> 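Quick one: the structure is below, and I'll ask about it shortly.
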There are 2 protein chains.
Amino acid sequence: MEDQEIRKAGLKVTVPRVKILELLETSPERHVSAEDVYKMLLAAGEEIGLATVYRVLTQFEAAGLVEKHHFEDGYSVFELNKGKHHDHIICVTCGRVEEFVDETIEKRQRIIAEELGFQISEHELVIYGKCLDKNCDCKKRGD
Amino acid sequence: MEDQEIRKAGLKVTVPRVKILELLETSPERHVSAEDVYKMLLAAGEEIGLATVYRVLTQFEAAGLVEKHHFEDGYSVFELNKGKHHDHIICVTCGRVEEFVDETIEKRQRIIAEELGFQISEHELVIYGKCLDKNCDCKKRGD
DNA sequence: GAGTGAATGCAAAAGCTTCTCATCTATTGG
DNA sequence: CCAATAGATGAGAAGCTTTTGCATTCACTC
Ligand SMILES: [Mn+2]
Ligand SMILES: [Mn+2]
Ligand SMILES: [Zn+2]
Ligand SMILES: [Zn+2]
């Protein structure tokens with residue numbers, strides 16, 4: 001199954017690559033750091049080096065299988081590329097990440113780029129805030 | 001002049017702080033890294049340690065004098081806080097940074113946050129692309 | 001199944017940023 | 001103007017995330 005995607009990317013089908021792709025497909029949290037992936041694999045009994053995790057994620061990104069984001073925390077997070085673009089809103093208290101798409105915003109960006117004489121290659125929009133979810137730590141701790 | 005802003009921030013008026021603030025106010029490029037600041041100060045004959053530059057910029061940010069951004073490059077960039085929020089569009093070829101404000105986008109973000117049950121604290125929108133400026137390296141090199 | 005180029009793991013190193021600590025300084029009020 | 005002191009500085013060490021070098025191992029092809 002994921003073997004084909006890996007092969008299509010011009011990469012050899014190896015245990016680390018298959019396991020990492022599987023993990024990205026099944027992880028309850030879509031947005032994970034390299035360290036997260038490394039630890040989850042360890043916890044699952046897979047002995048895969050952190051350097052390999054970084055290398056594989058980078059290759060997956062180059063192949064378009066994965067997307068990398070820089071939520072302001074000092075490290076990168078990766079997610080499986082679902083094909084459809086979306087932006088993110090993140091709870092600064094509990095870290096919960098929600099995805100959204102807003103065609104109005106997308107369109108305005110195209111207009112702005114045009115007006116300023118830029119040919120857009122990509123963009124990143126991240127909203128930070130506190131989520132009002134009852135399960136969020138915001139509520140439990142009342143801050 | 002900037003002495004008052006520094007004092008208002010609850011900080012002592014020292015040479016490094018005054019020089020850094022001056023530099024941010026007069027630099028031709030508004031968006032600079034800590035390293036940039038350090039090097040520009042050195043070039044201007046000011047012997048200010050890099051650690052101090054980082055400390056002061058962090059303090060200025062906490063005081064609201066300065067804003068910090070994470071354009072996807074692995075390092076932070078700082079700019080003087082002009083008081084009015086704006087977003088950025090960056091040329092991936094020449095690095096030129098333009099600022100813009102779009103009230104439609106701002107409003108849509110507020111609506112999205114509301115719908116998803118978030119109370120916005122801030123956001124960051126960065127558009128990446130190639131600028132079509134004749135002076136940009138894009139043109140000079142034709143890529 | 002052998003041969004070969006690619007992939008892996010480990011440790012070292014590389015960026016960027018923060019911290020430690022001894023020394024120095026701005027501020028205050030006498 | 002000076003002394004006292006809380007705060008600031010500089011240099012280097014340390015911290016984190018990410019990348020790299022290299023010897024070893026492995027996947028794919030014939
Ligand atoms: Mn996502
Ligand atoms: Mn700006
Ligand atoms: Zn978008
Ligand atoms: Zn904005």
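Values in this document were obtained by computation on a predicted structure and should not be read as measured data. Every chain is numbered from 1 and lettered A, B, ... according to where its sequence line falls, protein lines coming before strand lines.
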> Grab the CD1-P distance between Ile48(A) and dT25(D) for me, whole Å please.
18 Å

> Between Thr58(B) and Gln59(A), name the one whose nearest nucleotide on DNA chain C is closer to the 5' end.
Gln59(A)

> Check Lys19(B) with Glu2(B), please: is the shortest side-chain N to carboxylate O separation under 4.0 Å?
no

> Identify the two heavy atoms, one from Thr52(A) and one from Pro16(A), that lie closest to each other, and give their separation to 0.1 Å.
CG2-CB, 3.8 Å

> Is any side-chain nitrogen or oxygen of Ser76(B) closer than 4.0 Å to OP1 or OP2 of dT17(C)?
yes

> Taking atom P of dT19(D) as reference, at what distance in whole Å does atom CG of Asp73(B) sit?
13 Å

> Tell me: CZ of Phe78(B) to C1' of dC16(C), nearest whole Å?
11 Å

> Categorize Tyr75(B) for me: base, sugar-phosphate, or nothing, with a 4.0 angstrom heavy-atom threshold over every strand shown.
sugar-phosphate

> Mark yes when over 12 heavy atoms from residues, nucleotides or ligands other than Glu114(A) sit less than 6.0 Å from its CD; otherwise mark no.
no

> When you get a sec, tell me which of dG10(D), dT17(C), dC10(C) is the closest nucleotide to the side chain of Arg55(A)?
dC10(C)

> May I ask you to evaluate whether Arg7(B) reaches the phosphate of dT27(C), defined as a side-chain N or O under 4.0 Å from OP1 or OP2?
yes

> Could you give the side-chain donor-acceptor pairs of residues 68-77 of chain A under 3.5 Å, partners two or more places apart or in another chain?
from, atom 1, to, atom 2, distance (Å)
His69(A), ND1, Glu124(A), OE2, 2.8
His69(A), NE2, Glu79(A), OE2, 2.6

> Would you say Tyr54(A) places a side-chain N or O within less than 4.0 Å of OP1 or OP2 belonging to dT18(D)?
yes

> Output the rounded distance in Å from CZ (Phe71(A)) to P (dT17(D)).
17 Å

> Just wondering, more than 12 heavy atoms not from Glu25(B) lying within 6.0 Å of its CD?
yes

> Donor-acceptor pair, Arg96(A) side chain versus Cys131(A) backbone, under 3.5 Å?
no

> In residues 11-47 of chain A, what residues come within less than 4.0 Å of DNA chain D, judged by heavy atoms?
Lys12(A), Val13(A), Thr14(A)

> Out of dT17(C), dA11(C), dG10(D), which nucleotide sits closest to the side chain of Ala51(A)?
dA11(C)

> Quick one: closest heavy-atom pair of His86(A) and Lys84(A), and the distance?
ND1-O, 3.3 Å

